[in-house]
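What you see below is based on every heavy atom in this structure, not just the backbone, and it leaves out hydrogens, waters and symmetry mates. Worth saying up front: this structure is predicted, and the values here are computed from it rather than measured. Starting from 1, each residue takes its place in the sequence as its number.
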Amino acid sequence: MPDWFTDQFRAEFDRQAAAIGRFNLAIFGKTGTGKSTLVNAIFGTEVAKTGIGEPVTHGSHVYVDNRGTLGLVDTQGIEIGRDDGELIKEITKVVRDMRKKPMSEQIHCAWYCVRGMDRRFEPAEADFIKALAGLDIPVVLVMTQVPMRDGQLHPDAIALARHIESLKLPIVDGRPYFTYAMRDPFTGQPPYGLSEVLQATFRVVPEAVHQALASAQRIDLDAKARAAHTFIGASVTGAAAAAATPIPFSSAVVLVPIQLAMMARIAHLYNVPFDRASIAAIASTAVATTAGRAAFTSLIKLVPGAGSVVGGVISASVASGFTLAMGQAWLVVCQRASAGSLPKGVDGVIDNEAVRVLFENEFKKRVPGMRHQADETQVTP
């Protein structure tokens, strides 16, 4: 089974990666505004590195760095305040060319960064933001490195923000977002404001890239969980529709793609790499298959004539109920894997038995309620 399962899971893992697509973020601002620090804080350590990425066309100053479910669009060699006309012209061309491509190849949002303590916001910056908005790109204006003490923001940053607000620029919510991306070991200044920037981004990007954004970001675990539960719900519905014949859970070939897709999608949402996800999936699926056989056998004995239409109804109920339990238990496994808390052996490889026990315990928590509901549904005239 492992070889067959690994091949099937690999195929579904790749399909789900393509289905999730990519969230593409353009990030702009003057040199030294902390753009890379901001991106790294929200999307993971060392995501943004200077000089990484490919030019969109030969000789272009606009670079795209694709990293799984995240694409970063940045500029090199030309700067706001120095090469304004050239920068706006090139960005305009790039955006218009991208609009001809699939959604996963387009720019979905821009973050424009202003260092909070610079005390200046130049007309060229305002013009650049207007140009981006004119291309129908939502712009979140982020004020970076803003000190806070006892819950009070630095007055110079507040004054700069009020000045920017007075310009009535086409920015998300009409105001800057204050942030401090990384804890300062010298002053003890803690990070703040990152979740607010992320939530503003979720609100303005196309719904089609929400799962890619949920997968790419690393700070809002609730967003990942919501995306996972949405897909589990769709999988449960699909399982109920697919289970049209009274065949045992383990033999329901039509359910395998649905359940593998669910497991692969959740693994992607939690950034669990294929090698780790496949090991955990083998151990987890073995538990679900064994439990599925036993539950179907006990259920089918409860209803007279279960070999015909009624049997098909029970099969649909069992399929959907077990898919739900399986999805919720697998979600816990992926959450633990993402947090690095799955037990490992001396060689650093995930402990299969520990994963099996974890999945089985989570699975059993959810099975009794599903079984009771299924019994009531079928026995009631």
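Ring planes of Tyr180 and Tyr192: parallel class, angle under 30° (limits at 30 and 60°).
Transitive grouping of hydrophobic side chains (ILVMFWY, heavy atoms separated by less than 4.5 Å) keeps Leu221 and Leu342 in distinct clusters. Clustering ILVMFWY residues whenever any of their side-chain heavy atoms sit less than 4.5 angstrom apart, transitively, puts Met117 in a cluster other than the one holding Phe121. Both Val204 and Phe23 sit in one connected hydrophobic cluster of ILVMFWY residues. Membership requires side-chain heavy atoms under 4.5 Å apart, directly or through other members. Tracing side-chain contacts under 4.5 Å through hydrophobic residues (I, L, V, M, F, W, Y), one never reaches Val146 starting from Met182; they form parts of separate clusters. At a threshold of 4.5 Å between side-chain heavy atoms, the hydrophobic network of Ile, Leu, Val, Met, Phe, Trp and Tyr places Phe231 and Ile20 in two separate groups.
With salt bridges taken as basic N to acidic carboxylate O contacts below 4.0 Å, none links Lys30 and Asp118. Salt bridge Arg10/Glu12: absent, no basic N to carboxylate O contact under 4.0 Å. Salt bridge status for Arg162 with Glu165: absent, with no side-chain N to carboxylate O gap under 4.0 Å.
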Inset, instruction - Go through the steps for Met143 and Leu141 under the test side chain to side chain contact (heavy atoms under 4.5 Å, CB included), then give the verdict. - result: CA-CA 7 Å; Met143 293 189 71; Leu141 197 151; 4.1 Å; yes
Inset, instruction - Decide side chain to side chain donor-acceptor pair (under 3.5 Å) for Gln211 and Arg265; before the verdict, give the C-alpha distance in whole Å, the side-chain angles of both, and the deciding distance to 0.1 Å. - result: CA-CA 10 Å; Gln211 291 225 346; Arg265 176 66 67 99; 2.6 Å; yes
Inset, instruction - Please test Leu25 against Val73 for side chain to side chain contact (heavy atoms under 4.5 Å, CB included), starting from the C-alpha separation and ending with a verdict. - result: CA-CA 6 Å; Leu25 172 70; Val73 180; over 6 Å; no
Inset, instruction - Apply side chain to side chain contact (heavy atoms under 4.5 Å, CB included) to Asn271 and Arg218, showing your working. - result: CA-CA 9 Å; Asn271 313 109; Arg218 304 297 177 94; 3.2 Å; yes
Inset, instruction - Could you walk me through whether Thr285 and Met263 pass side chain to side chain contact (heavy atoms under 4.5 Å, CB included), step by step? - result: CA-CA 10 Å; Thr285 304; Met263 297 175 79; 3.6 Å; yes
Legend entry - Verdict with supporting geometry, Glu362 and Lys364, salt bridge (charged side-chain N to carboxylate O under 4.0 Å, His left out): CA-CA 6 Å; Glu362 294 297 326; Lys364 286 180 177 178; over 6 Å; no
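Within the 4.5 Å cutoff, no side-chain heavy atoms of Val172 are placed close to those of Val139. Residues Glu90 and Leu87 are not in side-chain contact: their nearest non-hydrogen atoms beyond the backbone lie 4.5 Å or more apart. Annotation: side chain of Met98 is not in contact with side chain of Glu105 (no heavy-atom distance under 4.5 Å). A 4.5 Å side-chain heavy-atom check between Arg96 and Lys93 finds every atom pair outside the cut-off. Looking at heavy atoms from C-beta onward, Val114 lies out of side-chain contact with Thr144 at the 4.5 angstrom threshold. Counting only heavy atoms from C-beta outward, the side chains of Met262 and Trp330 never approach each other to under 4.5 Å. Side chains of Asp351 and Val355 form no contact here, defined as non-hydrogen atoms less than 4.5 Å apart. Residues Leu213 and Leu70 form no side-chain contact, since every pair of their non-hydrogen atoms from C-beta on lies 4.5 Å or further apart.
Phe13 and His268 have their aromatic ring centers within a separation under 6.0 angstrom.
One finds the CD atom of Gln145 at 10.0 Å from the CG atom of Asp184 (value rounded to the nearest 0.5 Å). Separation of atoms OG (Ser341) and CG (Leu358) is listed at 8.5 Å; rounding is to 0.5 Å. With rounding to the nearest 0.5 Å, the separation of CG in Asp83 from CD1 in Ile88 is 11.0 Å. Here the straight-line distance linking atom CG of Asp74 with atom CD1 of Ile27 works out to 7.0 Å at 0.5 Å rounding. In this structure, CG on Leu331 lies 11.0 Å from CZ on Arg336, to the nearest 0.5 angstrom. Atoms SG and OH, on Cys334 and Tyr270 in that order, are 8.5 Å from each other to the nearest 0.5 Å.
A cation-pi contact links Arg175 to Tyr177, judged by a cut-off of 6.0 Å to the six-membered ring centre and 45° from its axis.
Between the side chain of Gln217 and the backbone N or O of Ile219, at least one donor-acceptor pair lies under 3.5 Å. Under a 3.5 Å cut-off, the side chain of Asn352 and the backbone N or O of Ala280 do not form any donor-acceptor pair. No donor-acceptor pair under 3.5 Å is formed between the side chain of Thr179 and the backbone N or O of Ala181. Here the side chain of Lys224 pairs a donor or acceptor atom with the backbone of Leu269 at under 3.5 angstrom. Checked by atom type and distance alone, the side chain of Thr237 pairs as donor or acceptor with a backbone atom of Gly233 at under 3.5 Å. When atom types are taken as modelled, the side chain of His108 and the backbone of Met103 share a donor-acceptor pair closer than 3.5 angstrom. Ser278 contributes a side-chain N or O that, together with a main-chain N or O of Asp275, makes up a donor-acceptor pair within less than 3.5 Å. For the pair Ser166 (side chain) and His163 (backbone), a donor-acceptor distance under 3.5 Å is present. Under a 3.5 Å cut-off, the side chain of Arg356 and the backbone N or O of Ala283 do not form any donor-acceptor pair. Of the possible donor and acceptor atoms, one in the side chain of Asp220 sits under 3.5 Å from a partner among the backbone N and O of Asp222.
Shown are Trp111, Tyr112, Phe128; of these, the ring pair (Phe, Tyr, Trp, His ring centres under 6.0 Å) with Phe28 is made only by Phe128.
Listed here is the closest heavy atom pair of Ile107 and Ala26: CG2-CB, 3.9 Å. Heavy atoms only, all atoms of each residue included: Ile258 and Ala239 are closest at CD1-N, 3.8 Å.
The environment of CZ in Arg99 is crowded: more than 12 heavy-atom neighbours from other residues, nucleotides or ligands sit within 6.0 Å. Remark: Arg115 CZ is packed, more than 12 non-hydrogen atoms of other residues, nucleotides or ligands lying under 6.0 Å away.
Counting only N and O atoms by type, the side chains of Gln259 and Thr323 include a donor and acceptor under 3.5 Å apart.
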